[in-house]
Amino acid sequence: MRRESVKAILRGALPMGSKVEVCGWVRHRRDSKAGVSFIDLSDGSSVADLQVVAPAALGNYRDEVLHLSSGCSLRVRGELVPSPGKQPVELKAEAIEVLGWVEDPETYPIQPKPHSLEFLREVAHLRPRTFLHAAVARVRHTLALAVHRFFDERGFFWVNTPIITSSDAEGAGQLFRVSTLDLLNLPRTPDGKVDFRQDFFGREAFLTVSGQLNVECYCLALSKVYTFGPTFRAENSNTSRHLAEFWMIEPEIAFADLDEDARLAEDFLKYLIQCVLEERREELEFFAKRLEPTVVERLEQLIEAPFERLDYGEAIAILERADHRFEFPPRWGMDLQTEHERYLTEVHFRRPVIVMNYPEGIKAFYMRLNDDGRTVAAMDVLAPGIGEIIGGSQREERLEVLDRRMAQFGLNPERYQWYRDLRRYGTVPHAGFGLGFERLLCYLCGLSNIRDAIPFPRTPGSIAF
RNA sequence: UCCCGAGUAGCUCAGCCGGUUAGAGCAACUGACUGUUAAUCAGUGGGUCGGGGGUUCGAGUCCCUCCUCGGGAGCCA
């Protein structure tokens with residue numbers, strides 16, 4: 001007898017009358033006056049559960065079946081039959097083997113009812129057993145595959161950039177230190193500083209905050225590349241949009257300018273949304289029921305219309321003209337505040353917006369200086385409800401300008417020799433962007449807290465699992 | 001890190017101006033019921049009121065402090 005998934009059975013992959021084995025966890029048990037019990041069985045393969053019908057004639061009916069509670073694991077053998085109830089098919093059990101009991105049903109955290117997301121974060125090891133988190137996990141999986149498929153179809157190569165690095169990629173963000181030194185007995189140099197020459201790598205090392213600088217090296221050889229992996233920021237930021245450990249996607253294209261970069265970003269987002277709409281419809285409809293009623297319509301609208309594109313200067317002008325009181329009055333030269341981004345995406349345009357060509361003073365050193373001398377070829381994709389979802393730029397490919405910018409930002413050129421080499425040996429125009437995977441997942445699922453978009457969230461002061 | 005708000009049963013919450021033995025719904029358990037699916041009905045058990053300190057004859061309730069969680073801000077993806 002073959003073990004079948006709940007998903008395969010519910011979508012009608014097997015004919016009625018088939019004898020099957022199904023394994024999974026009890027969601028809920030209902031006993032009927034007819035002397036049979038109904039068990040909703042979940043194996044995580046689909047949103048819907050399989051209804052198992054357990055007749056009283058089963059040898060272990062009275063002693064075991066009648067005591068099954070939420071979370072018990074089962075192996076069920078039986079026959080697929082049409083259901084008189086609301087589901088198309090149910091499993092008429094001929095044998096139910098209890099693989100694992102729930103020690104104390106009263107304190108088992110996952111009850112057959114909706115829980116608050118806040119509570120479920122306290123039981124992150126068990127929350128994948130809920131409808132919601134199982135659905136998020138499946139969407140996350142589908143989304144990750146779609147990322148690779150998108151790039152593969154367009155001739156991009158996936159480059160695995162290092163997780164342990166020695167340089168802070170952008171001078172942005174606090175770093176997690178990586179060290180094997182004994183914290184309680186640190187080796188010192190004669191002048192009293194920590195002697196990192198005795199550390200594992202012979203110098204200071206950190207967890208990466210971005211794979212961009214490394215992936216640029218491969219871009220200037222393979223032309224179209226991307227990274228997709230974990231990224232770490234030790235910022236003490238306590239918001240619903242930040243994680244200390246998150247996954248980032250960073251494509252980099254040679255011979256491209258900012259315009260092509262923005263086009264890629266838009267195509268990429270639309271491709272991913274299209275995939276989820278097609279391949280995870282059931283999950284989206286569940287999110288619509290539980291999280292955000294209009295999630296499907298919102299995504300459908302999003303792939304239909306072109307994103308709004310405008311220069312940073314135009315954005316500031318719109319904000320200055322706006323009939324709206326901002327806590328921080330907009331002014332050319334300042335970065336867009338959260339309230340400004342929200343106004344643009346949620347009030348003014350009501351769709352994603354790509355803001356381009358920011359003042360050079362507020363952006364990173366590697367972004368290409370425009371001919372006006374006061375802006376850089378940077379772009380941010382802003383989405384309603386979530387803010388900045390993509391940040392990208394054309395990179396500065398001219399060595400003398402790059403050196404000037406590094407000096408302006410107070411960076412030591414010696415630490416970036418290998419990065420400068422890219423400009424010394426066959427430099428080319430190139431551009432890329434970074435996309436926060438969990439932020440995108442929030443946007444697609446209608447989640448409002450990023451801690452629900454990653455299995456085991458890491459945030460300041462929280463690493464229980 | 002800053003500004004708000006909240007911590008009471010396994011979960012979601014109520015608990016008034018400080019006053020007897022701290023409540024409800026759901027969940028759990030026991031039982032009833034001819035196929036249930038947010039099942040229904042009856043009953044039972046379940047609490048260091050986040051921790052510590054203080055005020056008071058008396059504190060879940062007021063004050064101080066710490067912790068945790070949530071919302072917002074900054075920073076960013």
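Protein chains get the first letters and strands the later ones, always in sequence-line order, with residue 1 at the start of each.
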### Query
Reckon Ser116(A) has a side-chain N or O less than 4.0 Å from the OP1 or OP2 of U12(B)?
yes
### Task
Not counting sequence neighbours, list each pair that qualifies as a ring pair (Phe, Tyr, Trp, His ring centres under 6.0 Å) and has a residue in residues 96-125 of chain A.
His115(A)-Phe119(A), His125(A)-Phe465(A)
### Message
Within residues 86-98 of chain A, which residues have any heavy atom lying less than 4.0 Å from an atom of RNA chain B?
### Response
Lys86(A), Gln87(A), Glu90(A)
### Summary
Separation of G71(B) atom C1' from Arg241(A) atom CZ, nearest Å, is 11 Å
### Query
What is the per-nucleotide protein-contact pattern of nucleotides 23-31 of chain B, from the 5' end, where B denotes a base atom under 4.0 Å from a protein heavy atom, S denotes such proximity for sugar-phosphate atoms only, and - denotes neither?
--BBBSSS-
### Query
Can you list every salt bridge (Lys or Arg N to Asp or Glu O under 4.0 Å) pair that touches residues 75-86 of chain A, not counting sequence neighbours?
Glu21(A)-Arg75(A), Glu21(A)-Arg77(A), Arg75(A)-Glu97(A)
### Task
Ignoring the backbone of Thr338(A), work out which of C76(B), C11(B), G74(B) is nearest its side chain.
G74(B)
## Note on the structure
side chain to side chain contact (heavy atoms under 4.5 Å, CB included) filter on Pro460(A), not counting sequence neighbours, yields Asn236(A), Asn238(A)
### Message
Quick check on G72(B): is either OP1 or OP2 less than 4.0 Å from any side-chain nitrogen or oxygen of Ser240(A)?
### Response
yes
### Query
Between atom CG in Leu336(A) and atom P in G74(B), what is the gap in whole Å?
11 Å
### Query
Looking at Phe151(A) versus Phe228(A), is the centre-to-centre ring distance below 6.0 Å?
no
### Query
With sequence neighbours excluded, what pairs up with Phe150(A) under the side chain to side chain contact (heavy atoms under 4.5 Å, CB included) test?
Arg154(A), Leu264(A), Asp267(A), Phe268(A), Tyr271(A)
### Task
Map Thr459(A) and Asp31(A) onto RNA chain B by nearest heavy atom, then report which one ends up closer to the 5' terminus.
Asp31(A)
#### Entry: For RNA chain B, stems built from three or more consecutive Watson-Crick or G-U wobble pairs below 3.5 Å
B:1-7 with B:67-73, B:10-13 with B:23-26, B:28-32 with B:40-44, B:50-54 with B:62-66
### Length of the line joining Asn238(A):CG and C4(B):P, which is rounded to integer Å
16 Å
#### Entry: Residue-phosphate contact under 4.0 Å: Arg30(A) side-chain N/O, A38(B) OP1/OP2
no
### Any residue meeting side chain to side chain contact (heavy atoms under 4.5 Å, CB included) with Pro329(A), in chain and number order, not counting sequence neighbours
none
#### Entry: Distance in angstrom units between Gln51(A) CD and U36(B) P, rounded
10 Å
### Task
Report yes if a side-chain nitrogen or oxygen of Asn236(A) is closer than 4.0 Å to either non-bridging phosphate oxygen (OP1 or OP2) of G74(B); otherwise report no.
no
### Task
Would you tell me if any nitrogen or oxygen in the side chain of Thr239(A) comes within less than 4.0 Å of OP1 or OP2 on G74(B)?
no
### Query
Can C17(B) be described as syn, meaning its chi torsion is within 90° of 0, or is it anti?
syn
#### Entry: His242(A) NE2 - U1(B) P separation (whole Å)
16 Å
### Query
Among G74(B), C11(B), C69(B), which nucleotide sits nearest the side chain of Gln337(A)?
G74(B)
### Query
Taking atom P of G71(B) as reference, at what distance in whole Å does atom CD of Glu118(A) sit?
6 Å
### Query
Any sub-3.5 Å donor-acceptor pair from Arg368(A)'s side-chain atoms to His430(A)'s backbone N or O?
no
### Message
For residues 281-296 of chain A, which residue pairs pass the salt bridge (Lys or Arg N to Asp or Glu O under 4.0 Å) check, not counting sequence neighbours?
### Response
Arg138(A)-Glu283(A), Arg280(A)-Glu283(A), Arg281(A)-Glu285(A), Arg281(A)-Glu300(A), Glu292(A)-Arg298(A)
### Message
What is the separation between atom CZ on Arg233(A) and atom C1' on G74(B), rounded to the nearest whole Å?
### Response
15 Å
### Task
Kindly state each residue pair satisfying salt bridge (Lys or Arg N to Asp or Glu O under 4.0 Å) with at least one member in residues 333-347 of chain A, sequence neighbours excluded.
Arg342(A)-Glu346(A)
### Task
Using distance alone, with no hydrogens and no angle criterion, decide if Thr227(A) and Tyr218(A) have a side-chain donor and acceptor under 3.5 Å apart.
no
#### Entry: Integer angstrom distance from the P of C4(B) to that of C29(B)
45 Å
### Task
Sequence neighbours left out, what passes side chain to side chain donor-acceptor pair (under 3.5 Å) with Ser45(A)? Give chain and number order.
Asp43(A)
### Task
Please collect all salt bridge (Lys or Arg N to Asp or Glu O under 4.0 Å) contacts where either partner lies in residues 98-123 of chain A, sequence neighbours excluded, each pair once.
Arg121(A)-Asp452(A)
